[in-house]
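Just so you know, these numbers use all the heavy atoms, side chains as well, and skip hydrogens, waters and symmetry mates.
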Amino acid sequence: QVHLEESGGDFVQAGGSLNISCRTSVLNFGAAAMGWFRQAPGKEREAVACISWNADTIRYGDSVNGRFTISRDLAKKTSYLQMNDLKPEDTAMYYCAARIAGACPGPLSHTDFRYWGQGTQVTVSA
């Protein structure tokens, strides 16, 4: 059974940084693309970032490009999202997702990811 667990969400002031993690039990983590999505109350789920199985392809949503960095650690079966220069509009529940087809789709869509975590809350104060 595939299990994804996010951690690291917190309250942070605007301009600050945060690193959130997603630990997985995906049996073949090395072949899966990993994604991060977010959803604020009353809004649709938004693509944040994706990293392909071999890290050759990385995609970011337009609103976070240049501020956020996605990475992965094969040994730890963990994906990370480093978030810098955070803004109040980054406030949302952040979800980790896995896609067994190891490429990052373009454009990124939550419909392309089969496995999901429960989310970790990130709140940015002005």
Side-chain angles (χ1 to χ4, degrees):
Q1 183 176 359
V2 176
H3 180 71
L4 282 67
E5 184 174 1
E6 303 93 336
S7 62
D10 206 344
F11 293 89
V12 63
Q13 289 188 335
S17 298
L18 202 59
N19 188 291
I20 57 178
S21 303
C22 172
R23 187 172 180 180
T24 82
S25 66
V26 175
L27 291 179
N28 197 5
F29 177 79
M34 300 300 298
W36 285 95
F37 293 78
R38 67 186 184 186
Q39 190 165 17
K43 294 188 176 181
E44 294 186 355
R45 190 162 295 194
E46 177 188 6
V48 175
C50 175
I51 184 168
S52 65
W53 69 278
N54 61 357
D56 270 4
T57 301
I58 293 177
R59 300 187 191 278
Y60 295 100
D62 290 341
S63 61
V64 307
N65 199 14
R67 299 187 298 123
F68 290 11
T69 302
I70 189 172
S71 61
R72 61 191 297 159
D73 185 324
L74 288 176
K76 295 181 179 179
K77 292 189 174 182
T78 300
S79 130
Y80 304 94
L81 186 68
Q82 174 67 38
M83 303 181 289
N84 297 328
D85 189 24
L86 282 160
K87 305 175 181 181
E89 52 264 42
D90 293 319
T91 295
M93 185 71 78
Y94 282 71
Y95 297 93
C96 172
R99 184 171 189 256
I100 300 304
C104 289
L108 290 176
S109 170
H110 68 277
T111 59
D112 291 314
F113 290 78
R114 179 175 180 182
Y115 302 104
W116 292 85
Q118 294 300 306
T120 187
Q121 179 68 37
V122 173
T123 303
V124 184
S125 62

Minimum heavy-atom distance between C50 and P105, given as atom pair plus value: SG-CD, 4.5 Å
For the student: nearest non-hydrogen atoms of S17 and N84, plus distance: OG-OD1, 3.0 Å
Transitive ILVMFWY side-chain link L81 to F37, under 4.5 Å: no
K87 and R67, any side-chain heavy atoms less than 4.5 Å apart: yes
Flag side-chain contact, heavy atom, 4.5 Å: M83 against I20: yes
Expected output: side-chain T91 to main-chain V124 donor-acceptor under 3.5 Å: yes
Donor-acceptor under 3.5 Å (E6 side chain, C22 main chain): no
Heavy-atom side-chain proximity of F29 to T78 below 4.5 angstrom: no
Heavy-atom closest pair, residues Q82 and N19: OE1-ND2, 2.8 Å
Connected via hydrophobic side-chain network under 4.5 Å: W53 and V2: no
Min side-chain heavy-atom separation W116-C96 under 4.5 Å: no
Cluster link Y80 to F113, ILVMFWY, side chain under 4.5 Å: no
Closest non-hydrogen atom pair between E46 and S63, with its separation: OE2-OG, 2.7 Å
Linked, directly or transitively: L18 and M93 (ILVMFWY side chains, under 4.5 Å): no
Euclidean distance, S25 OG relative to L4 CG, rounded to 0.5 Å: 7.0 Å
Residues, nucleotides or ligands: over 12 heavy atoms within 6.0 Å of Q121 CD: yes
Any donor-acceptor N/O pair, R59 side chain to L108 backbone, under 3.5 Å: no
T57 side-chain N/O to S52 backbone N/O, donor-acceptor pair under 3.5 Å: no
CZ/R23: more than 12 non-hydrogen atoms of other groups inside 6.0 Å: no
Which atom of G102 lies closest to which atom of A33, heavy atoms considered: O-CB, 3.4 Å
Euclidean distance, E89 CD relative to K43 NZ, rounded to 0.5 Å: 8.0 Å
Distance (rounded to the nearest 0.5 Å) between R45 CZ and S109 OG: 11.0 Å
Within 6.0 Å of CD in E44, more than 12 heavy atoms from elsewhere: no
V48 and Y95, any side-chain heavy atoms less than 4.5 Å apart: no
Any R38 side-chain heavy atom under 4.5 Å of D90 side chain: yes
Parallel, tilted or perpendicular: rings of F68 and Y94 (30°, 60°): tilted
Backbone of D112 reached by a side-chain donor or acceptor of R99 within 3.5 Å: yes
Hphob cluster co-occupancy, I51 + I100, side-chain heavy atoms under 4.5 angstrom: yes
